[in-house]
Amino acid sequence: RSQVLWVMGVVVRQCVMALAGVRVLELAGIGPGPLAACVLADFGADVITIVRVSRNKKGEAVVDSEPSTLGRGKRSIAIDLKAKEGIEAVKKLAKQSDVFIEPFRPGTVEKLGIGPEDLMAVNPRLIYGRMTGWGQGGDPKVSLSAGHDSNYLALSGALSLFVGHGREGMPMPPINFAGDYAGGAMMLVMGVLLSLLERQRSNKGQVIDAAMVDGANYVALPVFKWLQSGFVPTNDQGFPDARSSILNQASHFGNVYRCKDGKFVTVQALEPQFYKILLKGMGLKEDELPPRADISQWPKLIERFQQIFETKTRDEWGAIFYGTDACVAPVLSAEEAAANPHNVKRGTFAPTPGEAGQFEPAPAPKLSRTPGSAPRPAPKPAQHTVEVLLATGFSEEEVAALLAQGAVVGTPGAKL
């Protein structure tokens, strides 16, 4: 299947993508599940999102979904998962799919009749991805309860790592990408790829239990080890000590500073050789300062550095340290990052199709022969219902009956 690809900021065409031929069925949801499916679609998988069907006051079947912000490159069908005929349609689709992704609390899909045992009975090669916050096992009081990103980070131990100088050791939850997306979506993607690879040997599918609480601490593996070894000092709660940990903005040479224009730069000159270059750019001499490793002097040195950084704008500091090993970088907004020359040259961002002036991150990592696709339009909910069912082997009469029953919904005017 020919795709438009995004290679270092240049649109090219190529016939075969890394995941070409892999079909993914995704139950619509929010958060990490849609991102995982989006990544798979970016690299060539045929992702079909099943959106909800509900009944209006007249009892008519209608699509109960809005266009997804993570729908790029996917196809969309609408199936009533509470209707017997809808469940049978899902099973027929699963029989011809490689991967199934569901984003609900444990037990939900089993009640619907499309749990792992149900679908793997009709397709033993199916890879069944389960994306949750707490996981499928463990304490049922926890695994069956609601939660959000910072809750999962908290229980994983990872939230305790997000402490910084000046917050009195209080953790600051990051926007929901550490748990939902790094610990959730990317772990699910890895599980799918590992399972696809293993299936070449066994010819069997398997269930992926992707839990954000697991994934968040897994990606923090080195830091957990550093905490236990003493490389990262801890406070009396076992959190990184924001007064002495160089990775938690305790030092003057590893911090964020406000500049003259109110914008910011990051400094992480952790190594002595880089520290010397930093001082040179700031107009300071090391022999005129307290010893770099004297923790007692760090608060005063942070104040002094702050005073110096406030003498110039962020971009003036950027020009001073451009191309040096001072480990200084400007803190950019999303719009500034998309326009940054380095990112532009690498093709880190790409235009959003159909939205003039809009942009979005391009697929990563960058593969030399089979790179990811340029962003493609997101489908309208139920846009491909008829198309997908017919291609799966449903007859025109069967599709017409499903539409008439409200077990599936298509877009207005869709032709059989």
Side-chain angles (χ1 to χ4, degrees), residues 22-37 40 45-54 64-65 74 76-147 152 184-185 187-196 198-199 202-215 385 388-389 392-394 402 407-408:
V22 174
R23 181 189 245 197
V24 179
L25 274 185
E26 171 203 12
L27 295 184
I30 59 173
L35 177 60
L40 297 173
D46 177 17
V47 176
I48 300 168
T49 303
I50 300 174
V51 299
R52 294 181 182 181
V53 170
S54 63
D64 186 13
S65 179
K74 301 178 183 180
S76 176
I77 63 176
I79 299 179
D80 185 354
L81 299 180
K82 295 182 179 180
K84 178 182 176 181
E85 297 82 3
I87 293 301
E88 291 304 313
V90 172
K91 289 182 177 179
K92 190 167 183 177
L93 288 164
K95 190 173 183 178
Q96 298 185 33
S97 298
D98 298 285
V99 181
F100 185 86
I101 294 175
E102 65 94 357
F104 302 126
R105 295 191 203 188
T108 301
V109 288
E110 283 84 354
K111 292 177 182 177
L112 293 172
I114 51 174
E117 291 186 6
D118 302 303
L119 298 190
M120 295 175 81
V122 299
N123 181 2
R125 299 181 76 250
L126 185 68
I127 294 163
Y128 198 108
R130 314 196 72 170
M131 185 70 257
T132 60
W134 306 117
Q136 298 297 320
D139 182 346
K141 293 272 190 175
V142 175
S143 63
L144 295 176
S145 64
Y152 309 133
M187 290 295 114
L188 178 54
V189 169
M190 184 169 70
V192 168
L193 299 180
L194 290 171
S195 298
L196 286 170
E198 190 280 335
R199 194 179 67 175
S202 67
N203 201 35
K204 296 179 181 179
Q206 59 183 306
V207 179
I208 304 166
D209 178 1
M212 290 173 245
V213 70
D214 298 341
T385 300
V388 168
L389 293 178
T392 303
F394 289 85
L402 289 170
V408 304

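Hydrogens, waters and symmetry mates are skipped; everything else that's a heavy atom, side chains included, is used.
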State the CE-CE distance between M131 and M212, to the nearest 0.5 angstrom. 4.5 Å
Which pair of non-hydrogen atoms, one from S54 and one from D64, has the smallest distance, and what is that distance? OG-CB, 3.5 Å
Tell me, yes or no, whether the heavy-atom count around K92 atom NZ, taken from other residues, nucleotides or ligands under 6.0 Å, exceeds 12. yes
Sort and list the pairs that fulfil ring pair (Phe, Tyr, Trp, His ring centres under 6.0 Å) and have at least one residue in residues 86-112, not counting sequence neighbours. F100-Y128
Please tabulate, for the side chains in residues 80-91, all donor-acceptor contacts under 3.5 angstrom to protein atoms that are two or more places apart in sequence or on a different chain.
residue: D80; atom: OD1; partner: K82; partner atom: N; Å: 2.9

Taking all atoms of both residues into account, what is the closest heavy-atom pair of E110 and P116, and its distance? OE2-CD, 3.6 Å
Decide yes or no on side-chain contact (heavy atoms from CB on, under 4.5 Å) for L93 and I77, but give the supporting numbers first. CA-CA 11 Å; L93 288 164; I77 63 176; 3.6 Å; yes
For a quick test of reading the model, state the closest non-hydrogen atom pair linking L126 to A94 and the distance between them. CD1-O, 4.1 Å
Side chain to side chain donor-acceptor pair (under 3.5 Å) involving S145 - partner list, sequence neighbours excluded: W134
Sequence-distant partners of E198, side chain to side chain donor-acceptor pair (under 3.5 Å), two or more places apart: S202
Contact list for residues 97-108, test side-chain hydrogen bond (donor to acceptor under 3.5 Å, both in side chains), sequence neighbours left out: D98-R199, E102-R130
Does L144 have more than 12 heavy atoms from other residues, nucleotides or ligands lying within 6.0 Å of its CG? yes
Contacts of type side chain to side chain contact (heavy atoms under 4.5 Å, CB included), residue A28, not counting sequence neighbours: T49, V51
Show your working on side-chain contact (heavy atoms from CB on, under 4.5 Å) between L27 and V109 and close with a plain yes or no. CA-CA 10 Å; L27 295 184; V109 288; 4.0 Å; yes
Minimum side-chain heavy-atom gap T132-S143 below 4.5 Å: no
Residue pair G135 / P106: nearest heavy atoms and the distance that separates them: O-CG, 3.6 Å
D139: side chain to side chain contact (heavy atoms under 4.5 Å, CB included) partners, not counting sequence neighbours: K141, V142
Checking V192 now: which residues fulfil side chain to side chain contact (heavy atoms under 4.5 Å, CB included) with it, not counting sequence neighbours? L40, V99, L188, L196, I208
Excluding sequence neighbours, so at least two apart, what forms side chain to side chain contact (heavy atoms under 4.5 Å, CB included) with A37? E26, V47, K74, I101
Between G29 and P34 the two heavy atoms that sit nearest each other are O-CG, 3.4 Å
